[in-house]
Amino acid sequence: METSEVERLIEDGIEDADASVSLPRVPDEDHEDAHFAAVVVSPAFEGKSLVQQHQMVYDALGESMTTDIHAMELKTYTPEEYGDADE
């Protein structure tokens with residue numbers, strides 16, 4: 001699975017989400033283990049706990065979490081939180 005496909009699934013599954021997905025380590029050509037890292041910003045996270053935010057991302061990824069993605073490193077923010085993180 002490509003990073004762009006993971007981004008699309010997240011952005012399609014969470015209202016007004018902006019997802020940036022990367023590969024946190026170099027894939028092993030002999031044993032692709034599909035590790036991804038994502039930063040997701042959405043106003044839909046407002047008032048949700050961190051666990052609820054992450055569950056929203058997992059829900060957006062659906063079946064891919066059990067078939068195509070081995071591990072997902074997540075950072076989730078509301079737009080306000082993300083703006084504060086840049087300061």
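These numbers come from a predicted model, not from an experiment.
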> Taking all atoms of both residues into account, what is the closest heavy-atom pair of E73 and P24, and its distance?
Replying inline: OE1-CB, 4.2 Å
>> Which heavy atom of P43 sits nearest to which heavy atom of D16, and what is that distance?
In response: CD-O, 3.7 Å
>> Apply side chain to side chain contact (heavy atoms under 4.5 Å, CB included) to residues L9 and M1 and explain how you reach the verdict.
In response: CA-CA 11 Å; L9 287 170; M1 180 171 249; 3.7 Å; yes
> Which distance, rounded to the nearest 0.5 Å, do you find between the CD of E80 and the CD of E46?
Replying inline: 6.5 Å
>> I need the M65 CE to D59 CG distance, nearest 0.5 Å.
In response: 10.5 Å
> Would a distance-only check, ignoring hydrogens and angles, find a side-chain to backbone donor-acceptor pair under 3.5 Å from E81 to T78?
Replying inline: yes
> Are the side chain of Q52 and the backbone of S49 linked by a donor-acceptor contact shorter than 3.5 Å?
Replying inline: yes
> At their closest point, which heavy atom of V40 faces which heavy atom of F45, and how far apart are they?
Replying inline: O-CE1, 3.5 Å
> Which atom pair, heavy atoms only, marks the closest approach of I10 to A17?
Replying inline: O-CB, 4.2 Å
> Can you name the nearest heavy-atom pair linking D68 to A34, along with the distance?
Replying inline: O-CB, 3.1 Å
> Which of these passes side chain to side chain contact (heavy atoms under 4.5 Å, CB included) with M56: T76, I14, V51?
Replying inline: I14
>> Checking the side chain of S42 only, and the main-chain atoms of E15 only, is there a donor and an acceptor separated by less than 3.5 Å?
In response: yes
>> Just verifying a value: how many Å separate L61 CG and E5 CD, rounded to the nearest 0.5 Å?
In response: 10.0 Å
> Should L50 and V39 be counted in the same cluster of Ile, Leu, Val, Met, Phe, Trp and Tyr side chains packed under 4.5 Å apart?
Replying inline: no
>> How close do Y77 and Q53 get, counting heavy atoms only, and between which atoms?
In response: N-OE1, 4.3 Å
